[in-house]
Amino acid sequence: MAEEVKKPEESTRKIEILKSDMNEEMIAEIIKITAAAFKKHTLHKDVATHVKQSFDAKYPPADNKATSGVYHCIVGSDFAVSATHETHFSCFWRCDNVKLLLYKSKDSPFD
């Protein structure tokens, strides 16, 4: 019989917050959502979509308009970014050898 290759379970994934200005509740949610995203998806774009949609659902804009700010998520082993974000709504973290960035931004930085 061939051996099955198992994906690492949530408990064996190393999730480490590298830099964040979010509150503790949101950081705990990031860890939970990240574990679920990597358990369900293998492609980075699918992980990014999962994290973004989860945060948009959990923390929607107060008036339900994108101009009030929505989340953006970047996932990869190597990337560079320059972005304007809302204060207290950004987090940069690692899950195993993949890095993730989540931030909330308004449609226009001039609003």
Side-chain angles (χ1 to χ4, degrees):
M1 285 190 168
E3 273 188 52
E4 285 185 32
V5 177
K6 293 185 180 181
K7 289 168 57 176
E9 293 299 317
E10 292 176 29
S11 59
T12 61
R13 293 201 177 276
K14 183 178 182 201
I15 300 172
E16 175 186 7
I17 304 298
L18 302 172
K19 184 162 179 58
S20 178
D21 64 356
M22 291 183 168
N23 63 43
E24 293 297 318
E25 175 192 330
M26 293 175 98
I27 290 173
E29 193 66 26
I30 280 179
I31 292 169
K32 185 174 109 181
I33 289 170
T34 301
F38 276 95
K39 186 174 184 179
K40 185 175 182 181
H41 305 288
T42 55
L43 296 177
H44 291 171
K45 72 177 186 71
D46 295 334
V47 171
T49 300
H50 182 106
V51 172
K52 183 235 186 304
Q53 289 177 343
S54 296
F55 254 76
D56 279 339
K58 176 91 174 167
Y59 304 102
D63 58 4
N64 271 344
K65 294 181 180 174
T67 54
S68 297
V70 291
Y71 285 94
H72 306 275
C73 187
I74 301 167
V75 177
S77 53
D78 188 27
F79 61 86
V81 66
S82 175
T84 302
H85 66 85
E86 297 293 308
T87 306
H88 306 298
F89 294 101
S90 69
C91 187
F92 181 57
W93 74 104
R94 163 191 353 228
C95 179
D96 297 331
N97 63 342
V98 178
K99 296 203 173 118
L100 301 93
L101 174 67
L102 179 73
Y103 64 95
K104 185 176 186 178
S105 175
K106 290 185 177 184
D107 249 358
S108 169
F110 305 109
D111 287 345

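If you're wondering where the values come from, they're calculated on a predicted model, not measured in any experiment.
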> In terms of hydrophobic clusters joined by side-chain contacts under 4.5 Å, are Ile17 and Leu100 together?
Replying inline: yes

> How about Tyr71 and Lys58: do any of their side-chain heavy atoms sit closer than 4.5 Å?
Replying inline: no

> Taking atom CD1 of Ile31 and atom CZ of Arg13, what is their separation to the nearest 0.5 Å?
Replying inline: 14.0 Å

> Does any non-hydrogen side-chain atom of Val47 lie less than 4.5 Å from one of His50?
Replying inline: no

> Is there a side-chain contact between His72 and Ser105 (heavy atoms, below 4.5 Å)?
Replying inline: yes

> Is Ile30 close to Leu102 at the side-chain level, that is, under 4.5 Å between some pair of heavy atoms?
Replying inline: yes

> Side-chain heavy atoms under 4.5 angstrom apart, residues restricted to Ile, Leu, Val, Met, Phe, Trp, Tyr: same cluster for Tyr103 and Ile15?
Replying inline: no

>> Any non-hydrogen side-chain atom of Lys104 less than 4.5 Å from a side-chain atom of Phe55?
In response: no

>> Nearest 0.5 angstrom please: Lys45 NZ to Cys73 SG, how far?
In response: 13.5 Å

> Given His85 and Asp21, is the side-chain contact (heavy atoms from CB on, under 4.5 Å) satisfied, shown in steps?
Replying inline: CA-CA 11 Å; His85 66 85; Asp21 64 356; 3.8 Å; yes

> Roughly how far, to the nearest 0.5 Å, is the CG atom of Asn23 from the CZ atom of Phe89?
Replying inline: 8.0 Å

>> Distance check, rounded to the nearest 0.5 Å: Cys91 atom SG versus Ile27 atom CD1?
In response: 5.5 Å

> Does a side-chain heavy-atom distance below 4.5 Å link Val98 with Phe38?
Replying inline: yes

> If you round to the nearest 0.5 Å, how far is OG of Ser77 from CG of Asp96?
Replying inline: 12.5 Å

> So do the side chains of Leu18 and Lys99 get within less than 4.5 Å of each other, counting heavy atoms only?
Replying inline: yes

>> Can you tell me how far apart CZ (Phe92) and CG (Leu101) are? Round to the nearest 0.5 Å.
In response: 7.0 Å

